[in-house]
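As the structure is a computational prediction, the values presented were derived from the model and not from experiment. Read the numbers this way: they start at 1 and go in the same order the structure lists the ligands and their atoms. Keep in mind that the numbers below use all heavy atoms, side chains included, and drop hydrogens, waters and symmetry copies.
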Amino acid sequence: MSGLTRHTAAELADALAAGETTSVEITRAHLDRIAEVDGTAASGGVHAFLHVDAEGALAQARAADERRAAGSPASALDGVPIAVKDVLATEGLPTTCGSRILEGWIPPYDATVVARLRRAGLPILGKTNMDEFAMGSSTEHSAYGPTRNPWDLDRIPGGSGGGSAAAVAAFEAPLAIGTDTGGSIRQPGAVTGTVGVKPTYGGVSRYGLVALANSLDQAGPVTRTVLDSALLHEVIGGHDPLDSTSIDQPLPPLVDAARRGATGDLTGVRVGVVRELGGEGYQPGVLSRFQESVDLMVKAGAEVVEVSCPHFVHALAAYYLILPAEASSNLAKFDAMRYGRRVLPDGADNPSAEQVMRASRDAGFGDEVKRRIILGTYALSSGYYDAYYGQAQKVRTLISRDFAAAFEKADVLVSPTAPTTAFKLGEKLDDPIAMYLNDLATIPANLAGVPGISVPSGLADEDGLPAGVQVLAPALADDRLYRVGAALEAALVDKWGGPLLDRAPALATNGAVR
Ligand code: GLN
């Protein structure tokens, strides 16, 4: 088998099952690809990875090959390698969350998601770059330098999970794990031409996921196809007694739903176009690609209705009170006494605990993290709690009610995933509000806990950059994402005459990033 890095995870799994290749070959091909294109932020490489574990991945690949040879694979994906966002604890592997404050931390345990990947036999290639503590939409807030978009190395790969999306888009990994608190799986998916899924809140364990905002965070798949996401979701999802918010119910059949959707038939599916997620603020090309996707769903037999979710216009404002509130509380533990890197203040002979905390937090946290700690602390302070945090929680309830009403009329809701295609590195770095606006369409799902998928919708601007279409479903109905997503993907790939990523100009066909 040749061109191992160009295959989907499902194809690699089939080839492994048929004995046409080995996990060691596949894993080595991806490690070679990483060595070839990843580089560092300064060298101008993709810089999707903060840490590559070649030795560990190859050892896991050898074990996978032994299981296959013995006729007892651990799962359908046994031996298919994966990259993991650096916000998930990995035993024996650095976990920094893109922050200086966790530099050098090696967790003594695995997050449940990671434990499940290991149990299913997926070799872990390494840890991917991210905005510090998952705050951002461009991966530029990483303390270790940005990741570049494989479509155009001068542009952002989205965020906060830009590393995972870029690794998959640049063929450095067939699969990756991301986390999505306000869009960090779906928006990077949209701007890199990859597929990203935010599962139902509680559908994937948060144990060992370093919390940004506990009530919003959810880990999920980052892949090149909808079927690959379904395969991965079935590995990582399901009840976990170590997470008190984990849902104690079996997952719906996701892979079956994706296979059914791939036949291209959406007869009987009611698709709701959300009036509030479009129009002003969205790039014209993004809207045209979205409209084409809706037309293709109609052609596939879906019934399209327009729905209104009037409170979605307040989602961003509510999110930027609830998220900083939770984040400021979560980050309080990095006091340099029990947690986090310790920095001694300059010029103090016998520094007090408070001086050490101040110096450590000053050096350990970047500007965006500090901004949100200040915002969150303010919103939670006794005099303002009701006016800000309390009010935002009320808006959150109204948004959930909007979803409930919309799902009376439609089985799934659709919108563009992100308002624009990938912008240039540096373009929005000094303008927090412009950065926050990237998540206009993705945030409502996190506030309500409902699942969402982003599927590439096509090339959406004069520079030939990709955009995404988002499909949302009611909580626990993640299977609908896969059915509708796979049908849409089948229609679009047919229209393009092949996968969209084959058209990425920065990716030369011989495998090198141009
Ligand atoms: N971009 C959003 C933020 O900065 C979402 C982040 C995320 O999903 N982790 O908060």
Side-chain angles (χ1 to χ4, degrees), residues 84-88 97-99 113 128-142 146-147 156-165 176-192 196-199 201 204 206 209-222 315-328 330-331 365-376 379 392 396 417-420 422-423 428-429 431-454 468 470 472:
V84 176
K85 188 176 179 183
D86 207 27
V87 70
L88 287 149
C97 297
S99 182
V113 165
T128 56
N129 198 13
M130 55 184 283
D131 285 298
E132 186 172 6
F133 286 107
M135 297 176 185
S137 298
S138 68
T139 315
E140 291 167 294
H141 295 309
S142 166
T147 296
I156 59 100
S160 65
S164 286
I177 298 287
T179 60
D180 191 312
T181 304
S184 287
I185 290 176
R186 290 163 288 158
Q187 180 259 3
V191 301
T192 59
V197 177
K198 183 202 92 74
Y201 181 78
V204 174
R206 289 185 300 107
L209 191 182
V210 180
L212 168 55
N214 315 50
S215 76
L216 303 161
D217 298 341
Q218 197 58 197
V222 177
L316 198 71
Y319 173 88
Y320 277 101
L321 287 167
I322 294 168
L323 177 134
E326 292 188 27
S328 67
N330 282 320
L331 295 171
F365 291 140
D367 287 349
E368 182 61 25
V369 174
K370 288 176 185 155
R371 184 178 296 127
R372 295 201 196 187
I373 289 173
I374 293 168
L375 256 172
R396 188 172 189 174
T417 308
T420 70
F423 45 92
K428 299 189 179 172
L429 201 48
D431 186 349
I433 303 285
M435 194 68 93
Y436 298 169
L437 285 168
N438 285 291
D439 297 310
L440 216 51
T442 45
I443 279 174
N446 301 80
L447 289 172
V450 305
I453 188 171
S454 177
Q470 165 176 248
L472 303 170

inquiry  = Taking the side chain as everything from C-beta on, heavy atoms only, tell me whether T181 gets closer than 4.5 Å to Y319.
reply    =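 T181 vs Y319: side chains touch.
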
ask   = Is any side-chain heavy atom of D131 closer than 4.5 Å to a side-chain heavy atom of E368?
value =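 Not touching, per the 4.5 Å side-chain cut-off.
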
Just which atoms of ligand 1 are under 4.0 Å from any heavy atom in [X]?
X: D439; result: 1 (N), 2 (C), 5 (C)
X: Y320; result: 2 (C), 3 (C), 4 (O), 10 (O)
X: S184; result: 5 (C), 6 (C), 7 (C), 8 (O), 9 (N)
X: D180; result: 8 (O)
X: S160; result: 9 (N)
X: L212; result: 9 (N)
X: M135; result: 4 (O)
X: A134; result: 6 (C), 7 (C), 9 (N)

Over all heavy atoms of both residues, which pair between [X] and [Y] is shortest? Give the atoms and the distance, please.
X: G183; Y: P188; value: O-CD, 3.4 Å
X: F365; Y: E132; value: CA-OE2, 3.5 Å
X: P157; Y: T139; value: CG-OG1, 4.0 Å

Closer than 3.5 angstrom, by distance alone: can the side chain of [X] be matched with the main-chain N or O of [Y] as a donor-acceptor pair?
X: K85; Y: G163; value: no
X: S138; Y: G159; value: no
X: Q187; Y: T417; value: no

Polar-atom distance check: [X] versus ligand 1, any N or O pair below 3.5 Å?
X: G159; result: no
X: T181; result: yes
X: L323; result: no

task = Just let me know how R372 lines up against ligand 1, side chain, backbone, both or neither, with a heavy-atom cut-off below 4.0 Å.
result =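 For R372, the contact with ligand 1 is made by the side chain alone.
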
Nearest option to atom 10 (O) of ligand 1, as decided by whichever heavy atom of Y319, Y436, F133 sits closest =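 Nearest option to atom 10 (O) of ligand 1, by heavy atoms: Y319.
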
message = Using the rule side-chain contact (heavy atoms from CB on, under 4.5 Å), only one of D180, N446, T179 pairs with L216; which is it?
response =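 Between L216 and the candidates, side-chain contact (heavy atoms from CB on, under 4.5 Å) is satisfied uniquely by N446.
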
